[in-house]
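Below you'll find the structure, written out as structure tokens, and then a few comments.
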Protein chains: 2
Amino acid sequence: MVKGTTPTNENVDNCPVRQVLAKVTGKWQTLIVLALGDGALRFGELKRAIGDVTQRVLTENLRSLERDGYLTRTVKAGPPVSVHYELTEMGQELRVLQKKMVIWAAESHLAVKQNREAYDAV
Amino acid sequence: MVKGTTPTNENVDNCPVRQVLAKVTGKWQTLIVLALGDGALRFGELKRAIGDVTQRVLTENLRSLERDGYLTRTVKAGPPVSVHYELTEMGQELRVLQKKMVIWAAESHLAVKQNREAYDAV
DNA sequence: CAGTATCCTTTACGATACTG
DNA sequence: CAGTATCGTAAAGGATACTG
């Protein structure tokens with residue numbers, strides 16, 4: 001067993017695994033990382049790619065991902081100024097894992113739908 | 001490209017991939033699935049395994065996972081009654097993916113910590 | 001034992017307006 | 001263009017008490 005891979009019990013609050021996961025498993029973080037999968041995007045492009053996300057929330061999540069080292073933020077002087085966001089190596093690693101989750105989710109969504117309907121029918 | 005694997009843009013609200021991910025990427029759902037990885041657990045055992053979780057929240061998340069088909073709930077008459085929770089096949093699939101995320105998180109947490117410190121120092 | 005019910009606080013998020 | 005600031009709402013979660 002890899003040391004530190006059991007985020008259950010004991011550790012709890014100061015569990016480093018939980019601290020990492022908390023910042024990358026959220027809805028917005030996932031969508032941002034996936035959107036940047038094919039290369040750098042500007043703030044506006046990213047916002048359009050995700051579709052439904054406010055500027056405030058997008059900014060918050062980008063700052064968080066930047067702080068933890070998953071992406072870089074590059075400002076190019078203007079006017080108008082443009083800001084490019086790009087995945088780091090670690091961001092790419094994360095993306096690979098999230099991509100697997102997405103593919104699995106795509107394959108499973110029908111089964112989930114059927115389970116829900118059966119459950120709700122009772 | 002696998003059809004339906006791009007949760008960004010368009011789809012947005014009624015994207016089936018997002019609907020699946022929303023129910024399995026949360027903190028509690030992840031911890032529950034991982035805790036059940038080594039076999040069925042009773043409600044109380046599960047609660048102790050996770051450590052910090054209230055009964056209300058644990059129950060809510062267990063119902064959600066049961067509804068979507070990731071685990072089964074089995075009541076054994078008492079007294080006292082005992083309720084066993086166990087992963088389904090689909091739950092095991094999910095667990096495999098989450099386990100990979102946890103292992104990656106364990107390997108990455110130091111790099112993340114260093115990134116944060118460097119970022120905050122500026 | 002395995003919940004449910006109630007109340008309350010915190011966090012996430014949306015909407016909107018403003019700025020270098 | 002890429003934010004920041006402010007306000008208000010809604011969902012998540014904690015604490016506690018109660019029950020078959």
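Bear in mind that the values here come from a model prediction, so they are computed numbers and not experimental data.
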Please tabulate, one pair per line, all N/O donor-acceptor pairs under 3.5 Å involving side-chain atoms of residues 37-47 of chain A, not counting sequence neighbours.
from, atom 1, to, atom 2, distance (Å)
A:E45, OE1, A:R42, N, 2.7
A:K47, NZ, A:V53, O, 3.3

### Task
Using a 4.0 Å heavy-atom cut-off, write out nucleotides 13-20 of chain C from 5' to 3' as B (base contacted by protein), S (sugar-phosphate only) or - (no contact).
BBB----B
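When the local axes at the two ends of the helix from C:dC1-D:dG20 to C:dG20-D:dC1 are compared, using 5 base pairs at each end, they differ in direction by 50° after rounding to 10°.
A side chain to side chain contact (heavy atoms under 4.5 Å, CB included) with A:M101 holds for exactly one of B:V20, B:V17, B:T25; it is B:T25.
Contact between B:R63 and B:R73 at its shortest, heavy atoms only, is NH1-NE, 3.4 Å.
Two residues are said to be in side-chain contact when any heavy atoms from C-beta on lie closer than 4.5 Å; B:K100 and A:L97 meet this criterion. At a threshold of 4.5 Å between non-hydrogen side-chain atoms, the residues B:V112 and A:Y70 count as touching.
At the phosphate of C:dG3, OP1 or OP2 sits under 4.0 Å from a side-chain N or O atom of B:Y85. Close to C:dG3, at under 4.0 Å from its OP1 or OP2, lies a side-chain N or O of B:R73. Contact between the side-chain N/O atoms of A:R63 and the OP1/OP2 oxygens of D:dT4 is found at a separation under 4.0 Å.
For B:F43 and C:dA2, the CZ to C1' distance is 6 Å, given to the nearest whole Å. One interatomic measurement links the two molecules: NZ of B:K47 to C1' of C:dA2, which rounds to 11 Å at whole-angstrom precision. To the nearest angstrom, C1' of D:dG3 lies 14 Å from CG of A:L46. Atom CG in B:L58 sits about 15 Å away from atom C1' in D:dA12, given to the nearest Å. Spacing between atom CD of A:E45 and atom P of D:dA2 amounts to 8 Å, rounded to whole angstrom units. When the P atom of D:dC1 is taken as reference, atom CZ of A:R48 falls 7 Å away, rounded to whole Å. Here the P atom of nucleotide C:dA2 and the NE2 atom of B:H84 are 8 Å apart, to the nearest Å.
Here CG of A:L58 is found 7.0 Å from OH of A:Y85. Values are rounded to the nearest 0.5 Å.
The 12-atom threshold is exceeded at CD of A:E117, counting heavy atoms of other residues, nucleotides or ligands nearer than 6.0 Å.
Residue A:P80 has its side chain nearest to D:dC1 when only D:dC1, C:dG3, D:dA2 are considered.
No donor-acceptor pair under 3.5 Å is formed between the side chain of B:Q19 and the backbone N or O of A:K113.
A single hydrophobic cluster is not seen to contain both B:V75 and A:Y119; linkage of ILVMFWY side chains at heavy-atom distances under 4.5 Å, directly or through other members, places them apart.
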